[in-house]
Number of protein chains: 2
Amino acid sequence: MPALAATALRCLWLQAAPVQQLTSLRAFQAAPRVGCSLQQRWGRPCATAAAAAASGGGDGAASAAVDLGSEPRSLPQPPAADEPLAPGLYVVSTPIGNLEDITLRALRVLRSATLVLAEDTRHTRQLLTHFGISTPLHSFHQHNERQKEGLVLRQLRQGAAIALVSDAGTPAINDPGADLVAAAAAEGLPVIPVPGASAVLAGLVASGLPTRQFLYCGFTAPKASARQKQFAALATQEATLVFYVSPHSLLAALGDAAAVLGPGRRCCLARELTKRHEELWRGTLQEAAQEFTERGPRGEFVLLVEGAPAGSAAAAGAAAGGGEAGEAEIVAALRAAMAAGEPPSSAARSVARQLGVNKKLCYALSLGLQPEGPEP
Amino acid sequence: MPALAATALRCLWLQAAPVQQLTSLRAFQAAPRVGCSLQQRWGRPCATAAAAAASGGGDGAASAAVDLGSEPRSLPQPPAADEPLAPGLYVVSTPIGNLEDITLRALRVLRSATLVLAEDTRHTRQLLTHFGISTPLHSFHQHNERQKEGLVLRQLRQGAAIALVSDAGTPAINDPGADLVAAAAAEGLPVIPVPGASAVLAGLVASGLPTRQFLYCGFTAPKASARQKQFAALATQEATLVFYVSPHSLLAALGDAAAVLGPGRRCCLARELTKRHEELWRGTLQEAAQEFTERGPRGEFVLLVEGAPAGSAAAAGAAAGGGEAGEAEIVAALRAAMAAGEPPSSAARSVARQLGVNKKLCYALSLGLQPEGPEP
């Protein structure tokens with residue numbers, strides 16, 4: 001593909017993971033080693049050596065649809081030794097509970113990488129040992145991230161194939177790895193995603209909630225006031241909301257969510273995902289607060305909350321354009337104030353002042369808001 | 001665990017995928033068969049038979065952290081026949097390009113399921129054949145979804161283990177499967193996510209853009225006016241934006257995004273993810289529009305766009321509260337109008353009327369907006 005190769009030479013082009021043709025569960029053809037660009041930065045075009053890879057080995061494997069290999073019917077063959085990996089930073093997803101949730105490529109990359117960067121080396125050591133993998137492990141966590149980043153980038157520049165993993169799931173989301181990926185990307189070093197398990201998507205697709213749009217919000221804020229603001233800012237968001245919630249803040253988070261987003265919003269609490277006691281609890285936010293207050297929260301949770309009704313955002317926007325806060329926004333602000341302990345009359349006064357809307361309207365709306373959802 | 005079992009009997013509790021202890025790449029201990037609840041609905045507590053599963057086989061495999069099995073050092077053993085799967089709807093992620101991106105559990109579930117529901121049976125047949133799997137395939141796509149749903153639910157009620165796959169990646173996101181999952185969840189039938197590859201996360205973690213929050217927006221709207229509205233509604237969104245873009249609308253989408261969100265926003269175009277010619281192109285929206293106009297778009301794209309600067313949403317909210325649209329909102333609306341072909345003066349008039357803001361301010365702001373980004 002000379003045209004493509006020429007384009008690649010003069011543009012921001014990153015060749016990453018060459019497709020592996022898999023001929024059996026255990027025998028993989030290995031990746032051709034490709035060069036890598038060392039100087040690419042955001043928005044600054046430069047040459048990359050990826051063109052070499054693009055011009056070689058064009059066997060039609062890169063089709064528009066899922067590539068099913070040129071010999072899909074080949075039978076299992078004896079295990080082949082893994083050939084060296086192409087240089088780059090491999091962002092490797094690992095299981096979130098069930099050890100079977102690892103991909104064939106993740107195993108190969110972990111086996112063949114120069115080294116593996118792990119959040120907790122003891123933890124990842126167990127995973128690697130389980131699969132008979134003895135690749136050297138180096139710790140890379142939020143406390144040593146800054147000092148190690150330079151070292152890792154230097155090794156990447158020298159052509160190392162480095163795997164980045166987190167304790168569970170897809171790394172570089174809420175992990176120290178994100179900054180490393182950004183730094184590597186800024187230098188034009190190849191970053192190769194090796195997709196796999198993630199609690200966000202596992203929870204979402206099994207929740208039964210709409211999946212057309214979803215907003216991943218990270219962990220719920222640990223402090224009550226920050227958390228109430230966090231929810232209030234999402235009151236008219238129509239996408240399904242996805243949060244991580246630690247067990248010790250679950251009850252408070254559910255109480256605040258019910259108070260601010262409304263007690264009747266549907267939600268799903270995904271607990272122990274992919275493990276033996278995997279649980280997908282479904283109900284309203286108010287029911288969730290009651291349920292988990294009764295039984296006590298255990299384990300890490302993914303909290304999925306139905307988005308606001310269609311038109312909420314537009315209504316809020318139109319209200320903003322018309323110089324008036326929308327009813328949804330007023331209600332959200334009232335709920336936040338009342339959740340913080342203000343009585344309806346006082347909440348109405350402060351919200352009216354804060355949003356520049358009619359005090360009587362606020363008071364009327366506040367009366368309709370029963371203090372629902374148990375206090376955490 | 002009698003306490004847990006008792007809780008399970010009276011609450012919305014869904015036992016799903018029992019953890020498999022994996023002793024080698026190919027020898028898996030199979031799942032104990034568990035009963036399933038047939039009557040669970042949103043927010044309506046009922047008994048489930050999951051307690052039986054919860055009370056049996058409590059061998060400590062379900063620990064709080066990643067479960068690494070009780071015998072992590074066991075060596076590969078001869079393949080064991082797969083035991084039957086627990087009943088339920090298994091939402092199974094499949095590769096998005098590289099066939100190695102399939103998990104060990106996905107292979108076992110596809111092999112052991114009663115049947116596999118596939119968007120395109122010919123496509124999935126190739127995948128299964130590649131892995132030597134001969135489970136019966138049934139088509140389940142947007143055109144027969146309604147008529148098949150009842151049939152599938154009936155089989156699930158009778159205890160079938162049904163795997164749902166899409167053509168590529170994680171099903172039930174932008175797929176017909178979402179409604180089936182919602183229907184199964186509404187009946188309290190077990191829904192078991194089998195996580196794996198997804199283009200959304202693969203693109204995100206390799207993009208180098210912030211991952212702390214992200215909003216998956218689905219496909220960009222096919223019509224220009226709808227697409228400009230879609231972007232305008234996201235102008236102050238601080239989360240990283242993730243879109244799917246089909247090749248024939250890429251240029252128009254990039255032009256609109258540059259016009260509405262601002263030409264200088266950083267973005268990443270992920271193309272041919274996990275395939276041989278995987279590409280992560282990074283630059284600004286304006287550069288992206290130029291680049292792909294020159295080389296012509298090929299393949300499916302994931303478009304990732306940096307969120308608005310921190311404080312944008314709060315500023316817009318405060319402006320709304322104060323009865324005035326924020327500057328960001330005015331600028332977004334002006335850009336949308338100008339992208340649709342209106343000259344600055346006319347755009348300023350219509351935006352001022354539309355948002356109820358000062359006409360001169362709009363005109364001043366419109367003058368600063370050069371018609372950047374090439375026309376698609």
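None of these values were measured; they are calculated from a predicted model. In what follows, chains carry the letters A, B, and so on, assigned in the order in which the sequence lines appear, proteins first and then strands, with residues in each chain numbered from 1.
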(request) Could you list the residues that satisfy side-chain hydrogen bond (donor to acceptor under 3.5 Å, both in side chains) with A/T170, not counting sequence neighbours? (result)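 Residues passing side-chain hydrogen bond (donor to acceptor under 3.5 Å, both in side chains) with A/T170: A/S93.
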Please find the pair of heavy atoms, one from [X] and one from [Y], that lie closest to each other, and give the distance.
X      : Y      : value
A/V205 : B/P171 : CG1-O, 3.3 Å
A/L215 : B/A239 : CD1-CB, 3.7 Å
B/E278 : A/P193 : OE2-CD, 3.5 Å
B/A178 : A/T211 : CB-OG1, 3.6 Å
A/P195 : B/S198 : CB-N, 4.1 Å

Can you tell if the side chain of [X] reaches within under 4.5 Å of the side chain of [Y], non-hydrogen atoms only?
X      : Y      : value
A/Y216 : B/L204 : no
B/L104 : A/L104 : yes
A/T103 : B/I102 : no

(message) Please enumerate all residues that pass side chain to side chain contact (heavy atoms under 4.5 Å, CB included) together with A/A199, with sequence neighbours excluded.
(response) A/I96, A/Y244, A/L273, A/V302
(request) Heavy atoms only, distances under 4.5 angstrom: which of A/A206, A/A288, A/A233 has the most pairs with chain B? Name it, please. (result) A/A206
(request) For chain B, find which of A/G218, A/A197, A/P210 contributes the most heavy-atom pairs closer than 4.5 angstrom. (result) A/A197
(request) Count the heavy-atom pairs under 4.5 Å between each of B/I173, B/V200, B/D101 and chain A, then report the option with the highest count. (result)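 When all of B/I173, B/V200, B/D101 are compared, B/D101 has the most.
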